[in-house]
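Note that the structure is predicted; figures quoted are calculated from it, not measured. Remember, it's 1-based here, ligands and their atoms both numbered in the order they're listed.
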Amino acid sequence: MTPFKMHGTHILSTGSAVPDICISNDLLSNIIDTSDTWISTRTGIKERRILDNNQSIIDLARIASDEALIKGLIKAEDLDLILFATSTPNDLFGSASQLQKSLGATKAAAFDITAACSGFVIGLIVAQQFIQTGTYKNILIVGADTLSQWVDWSDRTTCILFGDGAGAAILQPSRQNDLMSFELNTDGSESHQLSIQHQENSSSIDYKNLNFSAQKISKYKYLTMNGKEVYKFAVSKVPESINKCLQTSQLKTNQITWLLLHQANQRILDTVSQKLQIPTEKVLSNIQCYGNTSAASIPIALNEAFNTGHICHKDIIAIAGFGAGLTWGSILIQWNAIE
Ligand code: UT7
């Protein structure tokens, strides 16, 4: 029997995209009872990008993916797998295939990962399994969400938080391993704290002759969130999760070069970094420009950090996603510039 060989995983390149339409806090305060001061001090958000009717989540995902493909010098035809982390798909059966078509990635298998704000972290981990085992060589992971289409724009407790966007990364096998350790969790008993549920009893179809009736679901409610509970969950579980990863990799907190958390609220970023005793200058944050872009928030921030030269050879990046599910998880990366 051929000995089973494990491969290292390398982050080859990244990309990101946000829509052109920019909604500032001031603009929002013209339509709902809020203010720039309230939003800025409670969340750190100044503006967010919103998709218009002429663009779809696939267009955003395509732009982000193209950037990653160009930077990685990879042709779409050479992709083996596309993982599309989104909770706002175009099609309930999954949107990854639409992205595969748009990119012309004819050889790639493609499927969705539905895990809201943890989706991209889960995508990285899933991709790593395929690379480690030697199953696939070129994997594209996209985190994209358009929650602007799912929030109630008259509900000031939620609509001020979210924005639309997409981020992408290409992973390849390598001799050195960028993905050092990971840790994943789910607590389904708290799923009601943040959800988009279908309308109950939308209508039902009675199949009298067959002796059963089926519920016909054609509508979903707006996003609902218990902000306080989700906040408490994030600031207690995320530091724990990162500490577990550090332990697995036998690293100390002070060895982290960058802390990259899901961009949900600047106060969450501040509290988590304080709990971990990571100084502010090591915390990557772009929340003021985009708000909470769900599965896109981590890859957008990661791409910006690469593009601005913040991330250098051998830097250690602690990444954590958290949100609906409730799901949360971390991944520790030591990025190797050259294989
Ligand atoms: O990606 C998924 C992860 N999601 C999160 O991580 C979200 C976590 N939660 C949060 O970020 C925060 O809980 C929020 C930003 C959502 C809310 O901040 P908060 O400090 O928990 O505010 P609150 O809900 O306790 O509201 C305080 C007050 C309330 O008024 P009263 O009852 O004290 O009179 C709200 O009605 O602020 C009021 N309020 C607002 N006022 C102006 C709520 N939203 C607004 C608003 N503008 N947009």
Side-chain angles (χ1 to χ4, degrees), residues 23-48 85-88 113-122 143-165 167 185-187 190-197 222-241 259-273 275 283 285-288 290-301 319-330:
I23 310 282
S24 68
N25 291 347
D26 285 331
L27 200 66
L28 268 184
S29 60
N30 291 331
I31 55 167
I32 47 167
D33 181 15
T34 191
S35 66
D36 175 46
T37 312
W38 194 95
I39 302 171
S40 306
T41 50
R42 298 279 177 143
T43 71
I45 301 166
K46 294 297 276 185
E47 56 192 35
R48 69 285 293 144
T86 185
S87 295
T88 53
I113 293 175
T114 310
C117 310
S118 305
F120 186 76
V121 168
I122 294 174
D145 267 313
T146 54
L147 279 170
S148 70
Q149 296 164 336
W150 295 91
V151 293
D152 176 357
W153 284 95
S154 65
D155 174 9
R156 68 177 185 172
T157 66
T158 52
C159 76
I160 54 125
L161 295 168
F162 298 99
D164 304 336
N185 312 272
T186 301
D187 181 1
E190 294 295 318
S191 64
H192 57 282
Q193 305 292 6
L194 175 50
S195 64
I196 302 176
Q197 288 179 350
Y222 290 121
L223 177 152
T224 57
M225 180 174 71
N226 182 339
K228 278 212 180 308
E229 287 306 316
V230 177
Y231 188 99
K232 281 192 269 177
F233 142 74
V235 298
S236 77
K237 298 294 184 190
V238 172
E240 260 177 38
S241 170
L259 179 65
L260 172 44
L261 304 180
H262 163 50
Q263 309 282 295
N265 184 327
Q266 187 60 45
R267 281 160 56 218
I268 294 178
L269 272 56
D270 294 342
T271 308
V272 170
S273 56
K275 282 191 169 185
V283 182
S285 171
N286 61 12
I287 190 163
Q288 63 166 353
Y290 309 125
N292 178 344
T293 56
S294 188
S297 94
I298 289 171
I300 292 175
I319 297 180
F322 55 89
L326 297 177
T327 55
W328 69 103
S330 306

field: Short side-chain to backbone donor-acceptor contact, Glu229 and Gly227, under 3.5 Å
entry: no
- prompt: Given side chains that start at C-beta, do those of Asp152 and Leu223 come closer than 4.5 Å, heavy atoms only?
  reply: no
message: Tell me whether Arg48 contacts the main-chain N or O of Leu161 through its side chain, where contact means a donor paired with an acceptor under 3.5 Å.
response: no
task: Quick one: look up the protein heavy atom nearest atom 1 (O) of ligand 1 and list residue, atom name and how far away it is.
output: Asn292 ND2, 2.6 Å
query: Can you check whether a protein heavy atom sits less than 4.0 angstrom from atom 44 (N) of ligand 1?
result: yes
task: Within a distance under 4.0 Å of any heavy atom of Cys117, pick out the atoms of ligand 1 and give their elements.
output: 1 (O), 2 (C)
- request: Identify, by atom number and element, the atoms of ligand 1 in contact range of Leu194, meaning under 4.0 Å from any of its heavy atoms.
  value: 2 (C)
query: What part of Trp38, side chain, backbone, both or neither, has a heavy atom within less than 4.0 angstrom of ligand 1?
result: side chain
- request: Considering heavy atoms of the protein only, find what lies nearest to atom 36 (O) of ligand 1 and give residue, atom and distance to 0.1 Å.
  value: Arg156 NH2, 3.0 Å
- prompt: Is a side-chain donor or acceptor of Asp187 paired with a backbone partner of Leu326 at a separation under 3.5 angstrom?
  reply: no
- request: For Thr34 and Ser29, work out which heavy atoms get closest and say how close.
  value: O-CB, 3.1 Å
task: Would you mind finding which of Arg267, His262, Lys228 brings a heavy atom closest to atom 25 (O) of ligand 1?
output: Lys228
query: Would you call Trp153 and Leu28 a side-chain contact if the rule is heavy atoms closer than 4.5 Å?
result: yes
Main-chain N/O of Asp164 paired with Ser148 side-chain donor or acceptor, under 3.5 Å: no
message: Closer than 3.5 angstrom, by distance alone: can the side chain of Ser241 be matched with the main-chain N or O of Lys237 as a donor-acceptor pair?
response: no
message: Closer than 4.0 angstrom, basic N to acidic O: yes or no for Lys46 and Asp36?
response: yes
message: Less than 4.0 Å from atom 34 (O) of ligand 1, is there any heavy atom belonging to the protein?
response: no
message: Please list, in number order, the atoms of ligand 1 under 4.0 Å from a heavy atom of Thr34.
response: 42 (C), 46 (C), 47 (N), 48 (N)
query: Relative to the heavy atoms of Thr43, which atoms of ligand 1 are at a distance of less than 4.0 Å?
result: 15 (C)
field: Under-4.0 Å protein heavy-atom contact, atom 31 (P) of ligand 1
entry: no
- request: Note the single closest protein heavy atom to atom 9 (N) of ligand 1, along with its residue, its atom name and the distance in Å.
  value: Gly227 O, 2.9 Å
query: Out of Ile268, Val235, Asn265, whose heavy atom is nearest to atom 12 (C) of ligand 1?
result: Asn265
query: Is Gln288 atom CD crowded by more than 12 heavy atoms from other residues, nucleotides or ligands, each under 6.0 Å away?
result: no
statement: protein heavy-atom neighbour closest to atom 27 (C) of ligand 1 works out as Arg42 NH1, 3.6 Å
- prompt: Who's the nearest protein heavy-atom neighbour of atom 3 (C) of ligand 1, and how far?
  reply: Val230 CG1, 3.7 Å
- line: Contact region, Thr158 to ligand 1, non-hydrogen atoms below 4.0 Å, reads neither
- prompt: Are any non-hydrogen protein atoms located under 4.0 Å from atom 40 (C) of ligand 1?
  reply: yes
pair Asn265-Asn292: side-chain heavy atoms closer than 4.5 Å: no
